[in-house]
Structures are given as C-alpha cells and as structure tokens.
Amino acid sequence: MSAVEVGNRGRSGPGSARGVYAKAGVLPVFEKQRQRFFWLLLAPVLAILGVVTLLPTLYLLITSFTPLNLANPATAWDFSDPLVNYRTLLTDDRLHNSLWVQAKLSLVTVVLQLLFGLGIALLLNVRTPLMNALRTSFLVPMVLPPIVVAIIWKVLYSPDISPAWWLFQVLGWNIQTPITNAAWALSAIVVADTWEWFPFTMLIILAALAMMPEEQREAAVVDGASTWQLTWYITLPYLKQTLMVAGLFRLIDSIKTFPLIYILTDGGPGSVTEVSNYYIFVQSFSFSYIGYSSAVTMVLLAMIVVLSWVIVRAVSGGSNGDQ
Amino acid sequence: MATSKLAAAARRNEFIANTIVVVLAIITLLPFLWFVVMSFKPADDIFAGIDGFFFKPTLENYTSLWSDRFASSMMNSFITSSVSTILALLIGTPGAYALSRATMKQERTMSLLILASRMAPPVAFAIPYFLVYRYMGLLDTRLGLIIVYLTFNLALVVWLMRNFFDGTPRALEEAAWIDGASLWKTFMVIVLPMSGPALVTTAILCFLYSWNDFFFALTLTRNNAMTAPVEVVNFMNYEGWEWGKIAAGGTLIMVPVLAFSLLMRKYLVAGMTAGAVKG
Amino acid sequence: MNGVRIEGVKKAYGAVNVIHGVSIDIEDGEFVTLVGPSGCGKSTLLRMIAGLETISDGTINIAGRVVNDVPPKDRDIAMVFQNYALYPHMTVAENMGFSLKLQKTDKAKIKSAVDGAAEILDLTKLLDRYPKQLSGGQRQRVAMGRAIVRDPEVFLFDEPLSNLDAKLRVQMRSEIKGLHQRLKTTTVYVTHDQIEAMTMADKIVVMRDGKVEQVGKPLDLYDRPANLFVAGFIGSPSMNFIPAEWTNGKVVTQGGIELPSASSAGGAIGNRKIVYGIRPEHMTIAASGIPATVSIVEPTGAETVLLLKVGETSVTAVVKDRTTAKPGDRIFLQFQPGAEHMFDAAGGARLS
C-alpha cells in the first residue's frame with residue numbers, strides 16, 4: 001500500500017476487489033450481471049452433464065454393491081453383503097485371464113501403432129507433392145466406423161471370400177483362418193486394430209513435426225548431421241512427449257476395444273481374445289449378472305481415471321518444457 | 001559438380017520415399033477397397049475364388065437393402081445422431097462460452113472430468129442406462145439413444161467450443177458492451193456469428209461420434225430404434241451370411257463418415273484428444 | 001464539471017495490488033495520455049474508466065457522475081482497442097453504426113451519422129467492405145469511426161497505433177490529433193511510446209508500478225521532470241545520469257571532475273550524494289570543459305550521436321555539427337547553462 005492515498009473513503013481495506021466488495025455487499029452492477037449471466041449459461045450444461053454422466057456412474061457404483069441379477073428382481077436393492085462382488089472378482093479366474101489378454105492386446109497394439117505411425121509420419125514429413133496428395137488415404141482406416149472396420153476384417157479373415165485366401169488357394173497353401181485358431185486369434189485382432197489406429201498416432205506425430213522449429217534441423221544439418229543422425233538426435237527427442245501422449249491415448253482407447261472382438265472372435269476361441277471390456281459385456285448383457293459386472297466396471301473405470309490423470313499431467317506438465 | 005551430385009542424390013531419395021509411400025498407401029487402402037468393390041458384386045462372384053476378380057458390377061445388393069428394414073435403421077441413425085448433436089450444441093455452446101470467460105480455478109479438474117467421460121468404456125454407461133431405461137420404458141426408443149449420446153457429445157462440445165472461445169479476442173465483446181449491447185445480445189449478435197465455422201466443425205464431430213456408435217445401439221435397442229450399424233451386423237447372424245448386403249450396408253454407413261471426416265481432417269485429432277490437448 | 005475525475009483509485013487482483021491509489025483530473029475537452037513501461041497499470045486504469053475492470057477502491061467520475069457502479073454501455077464512452085476489435089461479420093458501415101442501432105436510432109439518422117464520420121475519416125468508399133478486406137491503417141480508421149459515430153463524452157484509446165508500421169504510425173498520430181482538435185472530445189490515450197505521448201497530449205500522466213510519477217504538460221515534463229524515472233523516461237535518447245556529490249555549492253563526480261551547476265537551488269540542497277542529469281542534446285564539443293573519452297561515433301546525417309566516458313560513467317551526447325572525433329579521442333564537453341537537473345541519490349526526487 002502506498003503511503004499517500006487520495007480519496008480513501010475511510011475503508012482501510014487492502015486485498016481483492018472481491019474481498020472489498022463482498023464485505024460491503026456491493027459488487028458493481030455490471031460485474032454482478034456478468035456473473036449471473038455466466039451462471040445462467042453454465043447451469044444447464046452442468047445440470048445435464050451431471051444427470052447424464054455422474055448419476056449413472058453413481059448408480060453403477062451402487063449396483064456394484066448388490067448381487068443384482070436380472071433374472072431375480074429381489075436382488076436389486078439387496079445390500080446385505082455389499083462387498084460380495086469385490087470379493088468375487090479377486091478369485092475370478094476368467095476375469096484375471098481377461099485382464100491378462102487386455103494387457104497383451106493393449107501393449108502390443110500400442111507399440112505397433114507408435115512404430116507404424118512414427119515411421120509413416122517421418123516418411124510423409126518429407127512432404128513431396130505426391131505425399132501431400134496421398135496423405136489423406138492413410139487416414140481412411142481411422143475415420144471408418146469401427147463396426148465397418150470389424151466387418152472388413154471379418155471379410156479378410158473368411159477364407160471363402162477373402163482375396164488373401166483365394167491367393168493362398170492358387171499358390172496351393174492350406175492355411176487355417178487365424179480367428180478360429182486359439183494360437184493366432186489374438187494376433188488377428190492385433191493386426192486389425194493396428195491397421196485401424198496407426199493413423200491416429202501418425203496424425204498426432206505429423207502435427208508435432210509440422211510445429212517443429214526449422215532452425216533446430218537446419219542447425220544440425222550445418223553441424224554436419226546425416227539424415228539418420230538428424231532423426232535420432234534431433235527429431236526423436238523432440239517427439240518424445242508427443243509419442244508418450246499418443247501412446248497413452250491409444251492405451252486408454254484400447255481398453256474400450258469392442259466391435260473387433262464382437263465381430264471377429266466373439267471372445268474366443270475359448271476365452272483367448274476375451275478382454276475385460278468384453279467380459280463385462282458378456283456378464284451383464286448375456287448372463288444378466290449386473291451387480292457383478294458393475295463391480296468389474298468400477299475397477300476398469302478407476303484404471304482409466306488414473307491413466308487420464310497421467311495424460312493431463314503429461315500434457316500440462318510438459319507443455320512449457322522442451323517446446 | 002558437387003551441387004548437381006547433391007541434387008541427384010536428393011532426387012533419388014525423394015523417388016525412393018515416394019515409392020515407399022505409394023506402396024504403403026495401397027496396402028492401407030486395399031482392405032477398404034475390397035469391401036467397397038464387394039458391395040457391387042453379384043452374389044455368385046463374391047464366393048467365386050480367384051475368378052471373382054472380374055465381374056459385372058451390379059446394384060442389386062443396394063436395391064435389396066432398400067426393400068429391407070435397413071432404410072428405417074438408417075433413418076434411426078440419422079435422427080438420433082442429428083438430434084443429439086443439436087441438443088449438445090444448444091446446451092453446450094453457451095456453457096463453453098461461460099467457462100471460457102469466467103475465471104475458473106478448477107481448470108485441471110474440469111479437463112480431467114471431460115477427458116474421463118470421453119475415455120470411459122461405453123459399458124460403464126450402458127449398464128446403468130439399461131437398468132433405468134428398462135424401468136422408464138426408454139429401451140428401444142430413439143429418445144433413449146439421443147440421451148445416451150449426450151454423455152459424450154456434451155463433453156465434446158464443451159471442450160472444443162471452449163478451446164475456440166479461448167482463442168477469440170475478448171476485445172470484440174468489450175467493444176460491443178461499450179457500444180451498448182447487453183450481455184445476452186453480445187453473445188447472440190457478436191459471439192455466435194463469429195463461431196460459425198467452429199460450430200459446424202463441432203457439429204460434424206458430434207454427428208460422426210453418434211453415427212459411429214455401435215455399443216449403445218446394440219445394448220439399448222431391439223427393433224424400433226435399431227441403428228444402421230447394428231442392423232448390418234444382424235445380416236451376419238440369421239438368414240445366412242448375406243455378404244453382398246453386408247458390404248452394401250457397411251458402405252452406405254461409411255459414406256457420410258468418409259466424406260465429412262476427410263473434409264475436416266485438421267480437426268480430427270482435436271476431437272479425439274478432447275480433454276487433454278488444446279486444439 | 002465535465003471531463004473525467006479519478007480519485008484514489010486502486011486495483012487489486014487477489015492479494016496483488018496493481019494500482020495503488022491513483023488520482024488524476026482530466027478537464028473537459030482535454031487530450032490526456034497515460035504513458036509508462038508495460039505493466040505500469042496504464043491499460044488497467046483505462047479499462048477501469050471504460051467499466052471493463054472493477055474498481056477495487058476510490059471513485060471514477062465521468063461528466064459529473066460517479067460511474068463505479070455503471071455498466072460500460074451506460075458510461076457514454078467510446079473506446080478504440082489495440083487490435084481494433086472490429087466485428088468481422090459486419091461491414092464497415094454496420095461496424096460504425098452498431099452502437100446507434102442498439103439504441104434503436106432510426107435508419108436515416110444512423111446513415112447520416114455513419115456517412116458523416118466516414119467523410120471525416122476518408123472511409124466513404126469502404127463502407128460496404130468487411131474488416132478482413134481492409135489494410136491496417138484503414139481498420140484503425142474504422143475503429144475510430146465507430147467511436148466518433150457515438151459522439152460520446154469521452155474517447156478512450158488503448159495503444160491504438162502499436163500494430164502499425166512506423167511510417168503509418170506517424171501519419172495516424174497526426175490524424176488522431178487533428179481529429180481531436182476538430183471534435184474537442186475529452187480523450188484518454190494509453191501508450192508506452194513517450195514520443196507519441198509528447199506529440200499528441202495536452203497533458204501527460206507518467207505511470208510506473210501502479211503509481212502516478214508525474215502529471216504535466218509535455219514540455220514541463222521535459223524541462224522539469226519530478227524524479228529520476230520521469231527524467232529517464234521522457235526524451236530520446238534518454239537523459240544522462242552522472243553520480244556525483246554536492247558539497248558547498250559545488251558538484252563533483254566520484255572521479256573528481258567538477259560539473260557546472262548554475263542551479264539556483266544552492267545551499268537549500270545541503271551537502272549530499274546526488275545524481276546529476278544532463279540531456280544528450282544539451283552538450284556540445286568545445287576546446288575546454290569537462291574531459292571525456294570517445295567510445296563510439298554514430299553519425300545519423302542530421303546529427304551525430306557520441307557515446308562517451310566521463311570518468312567511469314557512460315554518457316551520450318547528440319551534437320548538430322559534424323565531428324572528426326574518433327573512438328579513443330580525448331575531447332572536452334560544454335553543458336548548456338541551466339540545462340542540468342539534480343536528483344537526490346537516495347530517493348530519486350528532484351532537488352530544487
């Protein structure tokens with residue numbers, strides 16, 4: 001506070017406008033109008049978002065404490081043993097298997113998508129006119145409706161209509177389709193999923209490359225770096241954070257994989273391609289074990305929230321770092 | 001001498017890179033093209049083995065779809081997607097503006113919430129919605145799907161539009177206030193008209209997300225409100241495997257998606273990373 | 001009274017005070033510039049006059065009315081923004097007539113007001129264009145036209161020329177000044193450019209760190225800066241400051257060089273450490289006087305800028321005559337009698 005205060009109206013109040021006015025209860029009219037106006041705009045979306053997302057989540061949490069089974073209506077509000085589902089999931093081998101399948105699928109597809117996405121992005125970044133024209137064609141798999149992607153791969157994996165198997169036939173090879181083969185079913189899904197989503201990592205990496213300051217590369221070229229050295233010492237370190245964010249996004253999305261498994265393998269053969277998400281679907285919508293599948297979903301949600309938090313941290317933490 | 005050698009090397013490298021890209025593009029597109037071509041094949045040629053590479057294109061797969069329930073499922077898809085999109089824009093845009101202009105302390109919490117609602121597996125919403133809808137008679141209704149689609153559309157609208165508003169100068173609104181416009185008038189006459197392109201982009205993304213939905217339609221509809229993606233899959237289950245119809249139906253579903261999303265590929269990533277990355 | 005009266009105005013964001021009790025009187029029809037380095041609070045103060053920022057304490061009075069609690073639209077002001085803030089989806093004419101349209105003025109009146117303003121600003125041919133079809137200078141004029149059309153009590157300008165190139169800036173400077181001489185509307189003009197402030201204003205308010213350092217006519221500020229900050233801020237190149245000691249009516253630098261002091265202040269100052277200020281343009285090269293060593297010579301054609309060492313202190317001199325001085329030369333300086341300024345080394349206040 002300065003020593004000379006002209007026109008101080010006897011209020012010896014330091015601090016914020018809000019503080020001063022809140023005490024006196026006289027926020028200026030315009031400020032009040034603005035706050036009321038913003039609340040008026042915000043209220044509907046907050047209310048509706050709350051109703052359509054938070055309430056269902058809460059309801060999910062509640063059912064997860066009941067043994068709800070649609071075949072038996074009496075189980076709906078039975079809270080006699082709230083933790084029964086959570087105890088069950090500790091000993092449910094099929095669930096544990098589904099988590100393991102999920103981990104394998106997620107890790108392999110994320111790594112493959114990062115590799116393909118990075119490779120093609122670096123290639124496209126050469127930016128010849130031909131490449132700019134072709135760039136869009138790499139986006140097609142990603143923008144197709146997921147269910148269509150699943151059907152496309154169903155066609156490719158069905159020997160009687162697949163061009164690949166026609167070719168095998170001509171060559172005289174007798175190859176079993178991977179989707180009914182326990183040893184290869186998961187790999188078949190990995191291939192389809194990688195095809196579907198490498199464009200996502202590619203797009204993100206291309207966007208980052210477009211923002212890369214030209215000076216960094218030019219300085220390295222002047223310093224005598226070869227193309228490979230340039231990529232290894234300059235470009236890749238620059239992309240480190242982008243790769244991490246893209247990978248985390250794909251990791252989370254891979255937990256939601258549904259149409260591919262539903263159409264291609266139905267979780268089989270046996271349960272070799274039954275991921276957690278699919279297991280919940282089967283438990284809830286085929287067997288009607290709603291209570292139990294709610295509990296499993298809560299666990300899955302918790303995992304996703306943690307991963308989302310990691311993303312938010314990674315993005316906001318690094319944004320003022322190296323760029 | 002040296003420069004021309006360098007230029008030749010650069011040309012050669014460029015040629016190699018171009019060739020690789022062309023080959024990769026073909027590999028990427030082949031599965032998709034095969035599927036589209038299949039939709040124009042007569043039923044016999046679909047199973048004809050290597051001889052089926054050459055065929056007389058026909059529209060019979062499409063015409064047979066038209067006489068089927070497929071038309072009404074396309075209608076369901078269109079209505080649920082567009083109504084949900086419009087609702088989300090109407091409710092979400094003013095909120096996004098308020099969020100952008102009012103100073104918010106819970107910035108990170110907000111983005112985490114929005115991100116989580118986009119990341120949540122559909123099954124997490126499908127279970128409670130199934131229970132509630134069964135109780136309220138909303139199962140297998142368009143209204144039911146429209147509401148469920150709001151779970152992701154609202155978050156998407158709020159996130160994308162707030163990003164847009166954050167990037168527009170406040171001076172325009174201040175100028176309007178000084179010019180004598182009320183807060184509401186400023187929003188309607190100055191802010192919204194400027195947001196045209198952003199609103200269109202956001203609308204398209206919302207529409208595509210709803211249009212592409214498979215899981216909610218599978219779990220929350222049976223007949224009346226069934227959308228096209230589920231109907232196509234139904235061709236696989238009974239009446240034998242009608243691959244011609246499946247291909248034709250699948251192609252019809254992806255036409256609007258392909259057209260829209262390739263038009264606005266710039267914004268695809270912004271939509272998909274909503275909540276974490278400022279577009 | 002008309003005009004603007006600012007009394008004890010303070011602004012705080014949370015616990016951070018950005019304006020500490022500012023009081024300024026602006027007469028009716030006066031052109032006042034608020035000038036200071038970035039972050040000094042000048043734009044915030046302007047936005048408080050406009051009603052875009054709340055006033056934490058004190059009052060602002062426009063045309064005899066306390067406006068603290070009046071929304072911007074009812075303050076009878078017009079503002080020209082740094083980035084012009086033209087509505088992109090409206091034509092030039094619609095931009096300029098928007099405020100009248102909101103007041104439900106009838107169409108013919110709006111048209112005549114817009115046409116009148118367009119005439120003054122030479123915008124008549126551009127009335128049907130959109131802002132994106134205009135050059136920077138034209139946009140600037142439209143923003144001014146939008147202000148003129150309202151015929152407000154006060155014009156507020158927030159660094160309006162900072163986005164223009166140097167040549168256009170000089171031209172717009174005289175246009176704004178001409179406009180003010182014609183319309184005689186009270187004007188508050190914020191800038192960080194002291195030359196802009198000096199050339200346009202009737203009265204300059206120099207601000208720093210949320211406080212007013214000095215208020216006065218441009219030449220008063222130049223001739224009698226109230227403190228070291230104003231002395232250094234007004235004038236280009238800036239005033240030279242030489243640390244020295246006042247002992248019994250004599251000014252001697254730390255290196256033992258005696259500096260001329262015709263100042264009448266005399267004994268009233270008392271013996272103490274001072275900062276001796278002399279403007280570059282008040283020095284000449286002479287055969288005798290204060291010894292200096294030439295470091296750098298910068299001829300600009302019209303004049304020559306010399307960077308010199310007087311003792312340990314670097315000083316700048318601007319001389320009209322061409323000079324043969326070379327780096328390393330020893331020369332002598334004469335200071336124009338009575339042109340020196342003396343400031344207290346402790347507080348920086350003017351001693352006189």
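So that the names make sense, note that chain A is the first sequence line, chain B the second, and so on, each numbered from 1. Bear in mind the structure is a predicted one, so any value in this text is a computation, not a measurement.
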*Between B:Pro193, B:Gly180, B:Ser182, B:Pro169, which residue shows the highest count of heavy-atom pairs closer than 4.5 Å to chain C?*
B:Gly180
*Kindly compute the distance separating CG (B:Asp179) from CZ (C:Arg150), expressed to the nearest 0.5 Å.*
6.0 Å
_To check you understand the geometry: which heavy-atom pair defines the closest contact between C:Lys73 and B:Ala181, and what is its length?_
CD-O, 3.9 Å
*Among C:Ala147, C:Ala143, C:Pro72, C:Ala78, which residue forms the greatest number of heavy-atom pairs with chain B at distances under 4.5 Å?*
C:Pro72
*Rounded to the nearest 0.5 Å, how far does CD1 of B:Ile178 lie from CG of C:Asp74?*
12.0 Å
*Out of curiosity, B:Glu174 CD to C:Asp158 CG, how far, rounded to the nearest 0.5 Å?*
9.0 Å
*Contact part of C:Ile77 toward chain B, heavy-atom cut-off under 4.5 Å: side chain, backbone, both or neither?*
both
*When only pairs under 4.5 Å are counted, which of C:Gln82, C:Arg75, C:Arg47 shares the most heavy-atom pairs with chain B?*
C:Arg47
_Quick check: under 4.5 Å, non-hydrogen atoms only, which of residues 84-115 of chain C neighbour chain B?_
C:Ala85, C:Leu86, C:Tyr87, C:Pro88, C:His89, C:Met90, C:Phe98, C:Ser99, C:Leu102
